[in-house]
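A short worksheet on the structure shown next.
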Amino acid sequence: MRHENAAVHASTTAVNFSELVNKNKQTIARLKESPRLLLHRRDGEDLILTTAARAEQDQTVVSAATRMLAAMARREPGSMELLLDILPDAFPWVRFLPEPDVHAFAVELVDTMRAADSLANNSSVAQLLIAWQHTAEVHSDPELLAALTRDHNADYGSARDPEEAG
């Protein structure tokens, strides 16, 4: 499966994994030109190769942004309104969420980012963003929303015997 994130590709040089195996010195030297190498693999998920220093810098930036966002959200009452106001710029799909869900998303995002930062593992943040985006997708489609919010506990009577349905 190819990783199609434009942010990854913007500062990444793509090479085949076989180049790393067969020409490792030349391939690793390319890290001087680009902060990351996207290694395409035939038999598995693509990989990102970077230096330890670059990975540490990236984590430092994410951690700083997380701390600033969390501090901003905890400040005076108006700061949450500011966060709610800027969310549509950062995540345009929040426009499809009902107002209470936008607030719930903002609180959950800040809390999850703080918790993930404490572990230096952002996978839970990515999972949260994907889940909320899917929720927005449901709200953007009235037919899908109706189908998913319909009372599914209704009694539709006895199920027919599959052998008799023939």
Side-chain angles (χ1 to χ4, degrees), residues 1-15 30-41 44-156:
M1 172 174 12
R2 297 282 183 228
H3 193 275
E4 298 301 329
N5 185 338
V8 169
H9 292 295
S11 61
T12 303
T13 299
V15 298
R30 294 178 77 176
L31 283 172
K32 291 178 183 171
E33 307 162 11
S34 174
R36 293 170 195 82
L37 294 178
L38 175 63
L39 302 173
H40 291 299
R41 299 189 321 159
E45 186 176 357
D46 291 347
L47 303 174
I48 296 286
L49 179 66
T50 192
T51 64
R54 173 64 69 167
E56 189 174 325
Q57 288 172 353
D58 290 348
Q59 183 57 42
T60 299
V61 170
V62 169
S63 181
T66 295
R67 289 178 188 164
M68 287 174 22
L69 179 64
M72 184 190 83
R74 281 195 313 266
R75 295 263 177 199
E76 44 197 85
S79 61
M80 183 53 88
E81 281 70 36
L82 175 61
L83 178 59
L84 293 170
D85 190 45
I86 64 172
L87 277 178
D89 290 332
F91 308 104
W93 45 260
V94 301
R95 289 175 174 86
F96 294 111
L97 293 173
E99 184 113 6
D101 285 358
V102 175
H103 189 271
F105 167 62
V107 169
E108 193 174 354
L109 178 62
V110 170
D111 290 347
T112 303
M113 287 178 71
R114 288 185 66 229
D117 182 55
S118 72
L119 299 174
N121 182 340
N122 293 314
S123 62
S124 59
V125 177
Q127 183 178 355
L128 173 87
L129 291 170
I130 291 167
W132 275 104
Q133 185 173 7
H134 288 317
T135 301
E137 288 175 43
V138 169
H139 284 281
S140 74
D141 183 339
E143 290 179 25
L144 180 58
L145 181 61
L148 293 175
T149 56
R150 186 175 310 126
D151 181 12
H152 295 285
N153 292 324
D155 185 0
Y156 296 104

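The first residue of the sequence shown is numbered 1, and numbering continues consecutively from there. Just so it is clear, the values below take in all heavy atoms, side chains as well, and ignore hydrogens, waters and symmetry mates. Quantities reported herein were computed from a predicted structural model and do not represent experimental measurements.
The salt bridge (charged side-chain N to carboxylate O under 4.0 Å, His left out) search around Asp111 returns none, not counting sequence neighbours. For Gln127, there are no side chain to side chain donor-acceptor pair (under 3.5 Å) partners at least two apart in sequence or on another chain. Scored by the side chain to side chain donor-acceptor pair (under 3.5 Å) test, Thr60 finds no partners at all (sequence neighbours excluded). Every residue was checked against the side chain to side chain donor-acceptor pair (under 3.5 Å) condition with Asp101, not counting sequence neighbours, and none meets it.
Put simply, the side chain of Leu109 reaches to within 4.5 Å of the side chain of Leu129, judged on heavy atoms. Val125 places none of its side-chain heavy atoms less than 4.5 Å from the side chain of Val62. The closest side-chain heavy-atom distance from Val15 to Leu38 is not below 4.5 Å.
The list of salt bridge (charged side-chain N to carboxylate O under 4.0 Å, His left out) pairs with a residue in residues 120-138, not counting sequence neighbours, is empty. Sorted by first and then second residue, the pairs that involve residues 118-148 and meet ring pair (Phe, Tyr, Trp, His ring centres under 6.0 Å), not counting sequence neighbours, are Phe105-Trp132.
Around CD of Gln59, the count of heavy atoms belonging to other residues, nucleotides or ligands within 6.0 Å exceeds 12. A 6.0 Å sphere centred on CZ of Phe96 holds no more than 12 heavy atoms belonging to other residues, nucleotides or ligands.
Applying the side-chain contact (heavy atoms from CB on, under 4.5 Å) test between Leu87 and each of Leu97, Val102, Leu82 identifies Val102 as the sole match. Of the residues Met113, Glu108, Gln133, the one that meets the side-chain contact (heavy atoms from CB on, under 4.5 Å) test with Leu128 is Glu108.
Note that OG of Ser63 and CG of Asp58 are 12.5 Å apart. Values are rounded to the nearest 0.5 Å. Note that CZ of Arg114 and CG of Leu119 are 12.5 Å apart. Values are rounded to the nearest 0.5 Å. Here the OG1 atom belonging to Thr13 is positioned 8.5 Å from the CG atom belonging to Leu31, to the nearest 0.5 angstrom. Here the OG-CG distance, from Ser79 to Asp85, works out to 12.5 Å after rounding to the nearest 0.5 Å.
Closest of all the heavy-atom pairs between Asp46 and Arg41 is OD1-N, 3.2 Å. Residues Trp93 and Ala136 come closest through the heavy atom pair O-CB, 3.3 Å. For Thr50 against Pro35, the heavy-atom pair with the smallest separation is OG1-O, 2.7 Å. Across every non-hydrogen atom of Leu83 and Ala73, the tightest pair is CD2-CB, 4.3 Å.
In terms of modelled atom types and a separation under 3.5 Å, the side chain of Arg95 and the main chain of Pro88 share a donor-acceptor contact.
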